[in-house]
S.K.: 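Mind having a look at this structure? Questions to follow.
Labels below follow one simple rule: chain letters A, B, ... track the order of the sequence lines, proteins then strands, and each chain is numbered from 1.
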Protein chains: 2
Amino acid sequence: MRVLLIEDEVTLAEAIRNGLQAESIAADCAYNGEEGLFKAREGSYDAIVLDILLPGRTGYEVCKKLREAHIWTPILMLTAHHGEEAEAKALNIGADDFLSKPFSYLVLVARLRALVRRGVSPRPTVIYSGNLELDPLRRTCRCQGQEINLTAREFALLELFMRRPGEVFSKQHILDHVWGFDFEGDENIVEVYVGYLRRKIDEPFGQRALQTVRGVGYRLLRNED
Amino acid sequence: MRVLLIEDEVTLAEAIRNGLQAESIAADCAYNGEEGLFKAREGSYDAIVLDILLPGRTGYEVCKKLREAHIWTPILMLTAHHGEEAEAKALNIGADDFLSKPFSYLVLVARLRALVRRGVSPRPTVIYSGNLELDPLRRTCRCQGQEINLTAREFALLELFMRRPGEVFSKQHILDHVWGFDFEGDENIVEVYVGYLRRKIDEPFGQRALQTVRGVGYRLLRNED
DNA sequence: AATTTGGCTGAGAAAAGTCTCAGAAAGGTC
DNA sequence: GACCTTTCTGAGACTTTTCTCAGCCAAATT
């Protein structure tokens with residue numbers, strides 16, 4: 001578990017970081033709002049611990065900015081006083097939880113775990129086309145419900161086709177997108193890989209979804225075609 | 001919004017009920033643990049407010065029972081004292097939030113709304129996947145009911161996989177989340193630890209749940225796969 | 001029907017990725 | 001400080017994949 005700690009008091013930040021480490025929670029520190037925003041955007045954290053009192057801009061502002069930047073990582077805010085309005089404000093602004101100073105690591109850790117447990121909503125990512133199913137996140141591919149094993153290159157190629165089924169792609173376009181602009185070899189490699197794919201997704205199922213468009217390129221048949 | 005209030009002190013319960021009503025939050029009351037359990041099971045509430053001090057059985061027990069009964073309605077616990085252990089205990093046992101008496105309606109309402117906004121998704125602290133069981137709080141791991149001893153690093157790695165079973169993680173992602181962004185060593189360390197884990201969770205059970213996705217990363221097999 | 005052009009395929013070399021082991025370094029405990 | 005566990009490093013063996021090449025085949029053109 002990985003946490004971003006936005007806290008300007010260096011000694012406190014270090015203390016917290018150590019406390020979390022004892023629970024094998026890794027913590028990165030940011031010592032002001034700007035840095036916090038930057039790091040939150042960069043790395044993917046499981047949660048963010050955010051102090052309200054920061055130099056320059058307040059924790060409220062940072063929290064708001066984060067949400068505006070479409071960063072939905074769970075946020076735990078640290079409030080200095082027991083002020084109830086502060087707490088209500090934090091929650092209303094998009095924080096998920098808050099903690100009043102002083103607090104113990106025991107509580108902080110428990111809260112963080114509770115936050116992470118809740119998690120962010122998982123996004124479904126499966127692409128369908130014809131009798132094909134591709135899940136880029138799980139890196140799985142099925143045809144007629146049957147699991148198909150693809151190499152990284154094959155997968156990337158099929159993904160290109162499945163994201164725009166029915167569309168014709170030239171070999172050069174495929175080269176650029178699947179192999180990269182700096183690829184130096186021959187276009188023939190595309191033919192080779194189209195062949196590999198056909199052997200895996202067409203032949204075993206007695207179909208020909210991956211079609212050649214002579215002189216132009218290749219295309220994946222859509223459901224409707 | 002509909003809330004279940006489990007609180008034995010009738011006067012306090014009524015006071016809270018009225019306070020909530022002013023915010024147009026409807027509250028049902030239960031005056032002991034049994035009744036609370038029964039009502040929680042029966043009606044579908046948006047949240048449950050649960051006092052720790054109850055006659056007969058404590059709020060902790062009620063909370064635990066609720067979770068064991070697979071009722072995942074958000075629970076806000078009321079603690080009488082400021083004891084931190086009490087708070088930590090509440091959260092660990094499956095509560096989503098707590099509030100120390102005395103409190104104001106302002107806070108109670110804000111907290112309830114925050115809880116409900118989060119939705120009814122809190123899962124149990126123990127994570128399951130296949131025949132694996134992981135309890136991040138107790139730092140325990142079981143496979144087919146058998147206790148397995150993991151080092152801190154192994155545990156963190158397995159936790160990453162179990163939080164998103166089936167998903168493929170690149171070595172770089174694993175490095176970032178389990179080792180930290182500032183880790184300087186080679187990616188090979190991931191391979192080594194995957195090896196360690198396999199020796200503990202796969203080999204003894206004649207399975208291969210922790211899979212290599214060549215050129216991409218690693219993934220933990222899901223139940224369904 | 002012959003020719004030209006573009007596409008397909010199999011074999012094998014080259015590269016990349018993964019696993020494993022032994023041992024060094026670091027950290028904790030008595 | 002001695003001992004034990006955990007964590008990390010690096011090298012080599014091994015596996016899979018990626019790529020190249022050359023010859024073959026098929027469609028389009030003459």
Side-chain angles (χ1 to χ4, degrees), chain A residues 17-19 21-26 139 141 148-161 168-204 208-220, chain B residues 139 141 148-161 168-203 208-220:
Chain A
R17 192 227 278 268
N18 288 335
Q21 204 159 36
E23 298 281 336
S24 55
I25 295 175
R139 280 238 121 73
C141 169
I148 295 182
N149 218 6
L150 298 177
T151 72
R153 196 68 92 192
E154 288 162 0
F155 195 94
L157 180 58
L158 183 55
E159 189 175 348
L160 174 72
F161 285 117
V168 179
F169 297 102
S170 72
K171 280 186 245 190
Q172 190 54 57
H173 179 100
I174 294 171
L175 226 41
D176 288 348
H177 283 75
V178 176
W179 272 263
F181 294 105
D182 46 357
F183 179 78
E184 311 225 303
D186 195 271
E187 283 192 346
N188 169 256
I189 191 66
V190 176
E191 297 161 21
V192 173
Y193 269 85
V194 166
Y196 290 165
L197 263 188
R198 282 186 178 141
R199 247 173 271 178
K200 291 188 175 181
I201 66 169
D202 276 345
E203 272 177 33
R208 200 150 204 333
L210 196 43
Q211 298 185 320
T212 303
V213 184
R214 198 162 221 274
V216 186
Y218 300 91
R219 134 181 86 184
L220 185 69
Chain B
R139 292 200 128 310
C141 168
I148 294 182
N149 214 9
L150 298 178
T151 71
R153 197 65 95 190
E154 288 163 358
F155 196 93
L157 180 58
L158 183 56
E159 187 175 348
L160 173 72
F161 283 118
V168 177
F169 298 100
S170 71
K171 280 187 250 196
Q172 190 54 58
H173 180 100
I174 294 171
L175 227 41
D176 288 348
H177 281 74
V178 177
W179 273 264
F181 294 112
D182 45 0
F183 178 79
E184 309 226 304
D186 195 272
E187 286 190 346
N188 169 257
I189 192 66
V190 177
E191 297 160 23
V192 173
Y193 270 85
V194 165
Y196 291 164
L197 263 187
R198 281 187 180 139
R199 244 171 272 176
K200 291 188 175 181
I201 66 169
D202 274 345
E203 272 177 33
R208 199 152 217 299
L210 196 43
Q211 299 185 318
T212 303
V213 184
R214 199 163 222 273
V216 186
Y218 298 90
R219 137 181 81 189
L220 186 70

S.K.: Which listed nucleotide (C:dG7, D:dC19, C:dT18) is nearest to the side chain of A:Phe183?
M.R.: D:dC19
S.K.: Does B:Thr151 have a side-chain nitrogen or oxygen under 4.0 Å from the phosphate oxygens OP1 or OP2 of D:dT7?
M.R.: yes
S.K.: Considering non-hydrogen atoms only, spot the tightest contact between B:Val178 and B:Arg153 and give its length.
M.R.: O-NH1, 3.1 Å
S.K.: Take the protein atom CD of A:Glu184 and the nucleotide atom C1' of C:dA15, then report the distance between them rounded to whole Å.
M.R.: 15 Å
S.K.: State whether A:Thr212 places a side-chain N or O below 4.0 Å from either non-bridging phosphate oxygen (OP1 or OP2) of C:dC8.
M.R.: yes
S.K.: Among the candidates D:dT9, C:dG7, D:dT7, find the nucleotide nearest to the side-chain atoms of A:Glu191.
M.R.: C:dG7
S.K.: The side chain of B:Val192 lies closest to which of these nucleotides: D:dA22, D:dG10, D:dT17?
M.R.: D:dG10
S.K.: Quick check: closest heavy atoms across B:Cys141 and B:Leu158, and the distance to 0.1 Å?
M.R.: SG-CD2, 3.9 Å
S.K.: Name the nucleic acid region contacted by B:Arg153, choosing base, sugar-phosphate or nothing; use a 4.0 angstrom heavy-atom cut-off, strictly under.
M.R.: sugar-phosphate
S.K.: Would you say that more than 12 heavy atoms from the other residues, nucleotides or ligands in this model lie under 6.0 Å from the CG of A:Asn149, or not?
M.R.: no
S.K.: Counting side-chain heavy atoms from CB outward, which of D:dC19, D:dC8, C:dC19 is closest to B:Tyr193?
M.R.: D:dC8
S.K.: Please check the phosphate of C:dT18 (OP1 and OP2 only) for any side-chain N or O of B:Lys171 closer than 4.0 Å.
M.R.: yes
S.K.: At less than 4.0 Å, is any side-chain N or O atom of B:Tyr196 found next to OP1 or OP2 of D:dT5? Yes or no.
M.R.: no
S.K.: For a quick check of understanding: with a heavy-atom distance under 4.0 Å over all strands, which category does B:Val213 fall into, base, sugar-phosphate or nothing?
M.R.: sugar-phosphate
S.K.: From CD of B:Gln211 over to P of C:dC19, roughly how many Å is that when rounded to an integer?
M.R.: 12 Å
S.K.: Judged by each residue's nearest nucleotide on DNA chain D, which is more toward the 5′ side, A:Leu150 or B:Trp179?
M.R.: B:Trp179
S.K.: Does A:Asn149 make a side-chain donor-acceptor contact with the base of D:dT16, cut-off 3.5 Å?
M.R.: no
S.K.: Measure from CZ on A:Arg199 to P on D:dT17 and round the result to the nearest Å.
M.R.: 14 Å
S.K.: Counting side-chain heavy atoms from CB outward, which of C:dT9, D:dT18, D:dT6 is closest to A:Ala152?
M.R.: D:dT18
S.K.: Indicate, with a heavy-atom threshold strictly under 4.0 Å, whether B:Phe155 touches base, sugar-phosphate, or nothing.
M.R.: nothing
S.K.: Relative to each other, are the rings of B:Tyr196 and B:Tyr193 parallel, tilted or perpendicular (30° and 60° limits)?
M.R.: perpendicular
S.K.: What is the distance from CD of A:Glu154 to C1' of C:dA16, rounded to the nearest Å?
M.R.: 15 Å
S.K.: Rounded to whole angstrom units, what separation is found between the CZ atom of A:Arg198 and the C1' atom of C:dG10?
M.R.: 16 Å
S.K.: Would you kindly give the CD1-to-P distance between B:Ile189 and C:dA24, to the nearest whole Å?
M.R.: 16 Å
S.K.: For the side chain to side chain contact (heavy atoms under 4.5 Å, CB included) test, which of B:Glu191, B:Arg219, B:Arg198 pairs with B:Thr212?
M.R.: B:Arg198
S.K.: With a 4.5 Å limit on heavy-atom distance, are the side chains of B:Ile189 and B:Leu175 in contact?
M.R.: yes
S.K.: Please report, rounded to the nearest Å, how far the P atom of D:dT7 is from the CG atom of B:Asp186.
M.R.: 18 Å
S.K.: Using whole Å, what does the distance between atom C1' of nucleotide D:dC19 and atom CD of A:Glu187 come to?
M.R.: 15 Å
S.K.: Just N and O in the side chain of B:Arg214: are any of them under 4.0 Å from OP1 or OP2 of D:dT18?
M.R.: no
